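Here's the structure, in structure tokens; my notes come after.
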Amino acid sequence: MTSHDTLARIDADLAAGRVPMARQRLRGLIGSFPDDLALRRRLGEVYRLYGEPAEAGRWTYLEEDRDPAETAAFEARYHAPHRRMRALAWRGPEAAAGSAFARARLAEVREECSGALGRPVDWDMLWADVEPDAEEGGKGVLAGAGCLLVVLAMLGIWVYGLVALFR
């Protein structure tokens with residue numbers, strides 16, 4: 001399916017009130033064309049219809065005429081520079097951006113992330129080596145504790161069954 005066909009389906013979804021479907025299709029297009037600022041703006045407008053100011057700010061972050069309240073909501077949600085950089089879902093060099101403002105904004109985010117991590121980063125790097133936030137690390141500890149609890153419970157049931165079998 002071409003991007004033109006997908007855009008036609010997005011228009012049909014919006015006309016029919018299927019905002020989540022339109023949003024999903026736009027996210028897919030941005031995954032294929034991350035440097036298309038018009039698609040990003042359109043997704044920001046869909047999130048605005050959906051009542052999500054932080055996500056609207058995320059997708060219009062590279063626009064010069066963006067809403068300052070939405071930008072602030074995006075920056076508050078993605079407070080760490082590496083999270084903000086990841087959330088923008090940009091790939092490739094800043095030079096591929098369609099406007100001077102977007103190029104400057106991307107460079108600013110990348111430099112802020114480099115400073116916070118203490119090493120240079122670029123938009124194409126793998127994020128596996130970026131340290132998680134404390135809140136993300138806490139989720140891993142909770143998941144590990146939950147798995148341990150399940151294993152201990154299963155072991156207890158097994159031992160109880162074994163003891164009952166030989167009585």
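Bear in mind the structure is a predicted one, so any value in this text is a computation, not a measurement.
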Q. Less than 4.5 Å apart, any side-chain heavy atom of Leu39 and any of Leu26?
A. yes

Q: Would you mind checking if Asp13 and Arg25 are paired as a salt bridge, meaning a charged N to carboxylate O distance below 4.0 Å?
A: yes

Q: Ignoring hydrogens and angles, state whether a donor on the side chain of Tyr61 or Glu75 is under 3.5 Å from an acceptor on the partner side chain.
A: yes

Q: Indicate the atoms forming the closest heavy-atom contact of Ala102 with Ala97, along with that distance.
A: CB-CB, 3.8 Å

Q | Phe33 and Ser3, any side-chain heavy atoms less than 4.5 Å apart | A | yes

Q. Less than 4.5 Å apart, any side-chain heavy atom of Trp59 and any of Arg40?
A. yes

Q.
Using side-chain heavy atoms (C-beta onward) and a distance below 4.5 Å, is Asp5 in contact with Thr2?
A. yes

Q) If only atom types and distance count, is the side chain of Arg27 paired as donor or acceptor with the main-chain N or O of Ala22 below 3.5 Å? A) no

Q | Joint hydrophobic cluster, Leu155 plus Val163, side-chain heavy atoms closer than 4.5 Å | A | yes

Q | Ionic contact status for Asp65 with Arg41, cut-off 4.0 Å | A | yes

**Q.** Mutual orientation of the aromatic rings belonging to Tyr78 and Phe74 [parallel < 30°, tilted 30-60°, perpendicular > 60°]
**A.** tilted

Q.
Between Arg48 and Glu55 (salt bridge meaning N to carboxylate O under 4.0 Å), is one present in this structure?
A. no

Q.
Do Val109 and Trp123 have side chains that approach each other closer than 4.5 Å (heavy atoms only, starting at C-beta)?
A. yes

(Q) Between Arg105 and Glu108 (salt bridge meaning N to carboxylate O under 4.0 Å), is one present in this structure? (A) yes

Q.
Quick check: do Met85 and Asp122 have side-chain heavy atoms less than 4.5 Å from each other?
A. no

Q. Does a side-chain heavy-atom distance below 4.5 Å link Arg77 with Glu52?
A. yes

(Q) To check you understand the geometry: which heavy-atom pair defines the closest contact between Arg103 and Ala95, and what is its length? (A) CD-CA, 3.7 Å

